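Here is the structure we will look at, set down as structure tokens.
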There are 2 protein chains.
Amino acid sequence: MKEPLYRSIQNDLKFQIQKGVYKIGDYLPSENELCVAYKITRTTARKALDELFKDGFIQRQHGKGSQVIERRKSLGLLSLKGFSEAVGKKVETQFLQEPGFRDWINNFPFKISEKELENPCIHFERLRCVDSEPVMLENNWFSSMHLPGFIEMELVDGSFFKTLSQNYQIEIIGSEQELRAMTADSELSELLKIQIGAPLLQINAHFSTSKKDFNIYAELFCNTAKFPVGNSYMK
Amino acid sequence: MKEPLYRSIQNDLKFQIQKGVYKIGDYLPSENELCVAYKITRTTARKALDELFKDGFIQRQHGKGSQVIERRKSLGLLSLKGFSEAVGKKVETQFLQEPGFRDWINNFPFKISEKELENPCIHFERLRCVDSEPVMLENNWFSSMHLPGFIEMELVDGSFFKTLSQNYQIEIIGSEQELRAMTADSELSELLKIQIGAPLLQINAHFSTSKKDFNIYAELFCNTAKFPVGNSYMK
DNA sequence: TAGTGGTCTAGACCACGCC
DNA sequence: GCGTGGTCTAGACCACTAG
């Protein structure tokens, strides 16, 4: 039950990265410096850094150090390519349904645990646009149990996952996804401003988190004609 | 340059799992048993097991042991896994073009390094069927430099990645992929036995490997109507 | 209670990047 | 040459699972 030492150091460093004490490109203190600072051995310092690496916060370079990097979406997360880097572009996100209590979905490819179904479901729907053109429709469902005050909350940088991490200390630790190519029906064609019958990428996803019995279920419809969906992984 | 101790133990165990010495559901020797068997310390034994866990071969249970588990489900191609190890159905693979020397592709979304372009390109094209229905068309390109004898070789269990691992000790260590929904043209519709205009999932992939300057470039077209493409990740 | 994995200490040697 | 991360040893205590 007790939190391991390495985890508190890991969280400490993570927090400093999120606060901007260490910015992207900066190097964290070396393992030996961490040993001194926290009065621990290298094994423990390494474990903390290893975890930060696994979570995609840092990159480790033999002979150089641990460098803070832009958080990669390599938790098997799929992301719209060029979405976050779309510097010149105007990225907008528009709520079609604000976060609120809704019914739990059924007919979903991933099983929702009974513990979750006992609690009310929070849902929201967003439309993502680049240069005012809609490219993705996104639905999220999750149990309200662990997120007091979420409904009234503004998302951190417009990001749901970032909000979970910074406001609730909940991290995504796993995912399973199903991908299908399909064609737009009248409803989707209208929302995404494409022809009926145009190809769409449908993603059904289940994200597990660091909180027991708290999972996120999502359904996305992506118009990949201009922005393909990307996925990268580095061991 | 030298292979770490833990890796040789990891590979030893991996090989025994692949050969069936340890079957799904079996428990590997405990950490202490590995210490004795290989004359190592627990740190090293743990590191080997941790790697096997990361690669999805085993599950670790506090107080019980390390259990061999089924590797990722679905057409887990997105999770770095080959196709043939992943599906429970009757999977057949048919070569449309046997491995041979071909021109390097261009117009590919991922850059091919100059070192690779200096060497001849090996290519093959396969049609993957589940229960006799074609579900996926697969093209692979890669440099011939590190794979002597590949062209005459039979694939291990019909799996390209398994062949690389077992016959050449080359492991996939990273990937980047681009996904698009598109519609079948006349050529694809004929090969995959679907209507012209039916939705298809196109995947362009770049796999990096444990060998420097050896990468695999692939293009897939998947009919996801019956078999969605899956992707799972567990920290 | 015995055996397992999870955490942690206090050392050591090595390979890599950089000056 | 020096500091970095990568590997490895030889211990220790703890928490979990099971008989």
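Lettering follows sequence order; numbering is per chain, from 1. Only a predicted model underlies this, so the values are computations on that prediction, with no experimental measurement involved. Both backbone and side-chain heavy atoms feed into the values below; hydrogens, waters and symmetry mates do not.
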Check your understanding: Can you find a donor-acceptor N/O pair under 3.5 angstrom joining the side chain of B/R42 to the base of C/dG6?
Key -> yes
Point to revise | Closest listed nucleotide, where the reference is the side chain of B/H62 and the choices are D/dT4, D/dT7, C/dG5 | key: C/dG5
Study note, to complete from the structure: Looking only at C/dC8, C/dG6, D/dT9, the nucleotide nearest the B/T44 side chain is D/dT9
Review point. Between atom CG in B/L34 and atom C1' in C/dG3, what is the gap in whole Å?
Key: 14 Å
Practice item. Round to a whole Å and report the spacing from CD of A/Q67 to P of D/dG5. Key: 12 Å
Revision key, fill the gap. Here the distance between atom C1' of D/dT7 and atom CD of A/E31, to the nearest Å, is 11 Å
Check your understanding: Which of these nucleotides, C/dC8, D/dG6, C/dG5, is closest to any side-chain atom of B/S30?
Key -> C/dG5
**Study point:** Residue among B/Y217, B/F108, B/F214, B/W141 satisfying ring pair (Phe, Tyr, Trp, His ring centres under 6.0 Å) with B/H206
**Key:** B/Y217
Review point. Is there a side-chain polar atom (N or O) of A/K64 under 4.0 Å from OP1 or OP2 of D/dG5?
Key: no
Review point. Between A/Q61 (CD) and C/dC16 (C1'), how many Å, whole number?
Key: 11 Å
Check your understanding: B/F53 has an atom CZ; how far is it from atom P of C/dT4, in whole Å?
Key -> 20 Å
Exercise for review: Grab the two heavy atoms, one from B/N119 and one from B/W104, that are nearest each other, plus how far apart they are.
Suggested key: O-NE1, 2.9 Å
Check your understanding: When you check the phosphate oxygens OP1 and OP2 of C/dT7, does a side-chain N or O of A/Y6 lie under 4.0 Å from one of them?
Key -> yes
Practice item. Determine the contact category for A/T43: base if any of its heavy atoms lies under 4.0 Å from a base atom, sugar-phosphate if only primed atoms, P, OP1 or OP2 are that close, otherwise nothing. Key: base
Exercise for review: Indicate yes or no: at least one non-hydrogen side-chain atom of A/N167 is less than 4.5 angstrom from one of A/V156.
Suggested key: yes
Check your understanding: So, is A/S66 near the phosphate of D/dG5, with a side-chain N or O under 4.0 Å from OP1 or OP2?
Key -> yes
Exercise for review: Name the residue closer to the 5' end of DNA chain D, choosing between B/G63 and A/G63 according to the nucleotide with the nearest heavy atom.
Suggested key: A/G63
Practice item. Round to a whole Å and report the spacing from CD1 of B/I9 to C1' of D/dC8. Key: 11 Å
Review point. Is the shortest side-chain N/O distance from B/R46 to OP1 or OP2 of C/dG5 below 4.0 Å?
Key: no
Point to revise | Nucleotide opposite D/dT17 in a Watson-Crick or G-U pair, distances under 3.5 Å | key: C/dA2
Review point. CD1 of B/I40 versus P of D/dA10: gap in Å, rounded?
Key: 11 Å
Check your understanding: Do A/F160 and A/I216 come within less than 4.5 Å of each other through their side chains, counting heavy atoms only?
Key -> yes
Practice item. Would you mind reporting whether B/E31 and B/L49 have side-chain heavy atoms less than 4.5 Å apart? Key: yes
Exercise for review: Look at all strands and tell whether A/L5 reaches a base, only sugar-phosphate, or nothing, counting heavy atoms closer than 4.0 Å.
Suggested key: sugar-phosphate
Exercise for review: Rounded to the nearest angstrom, tell me the gap between atom CD in A/E33 and atom P in D/dG3.
Suggested key: 11 Å
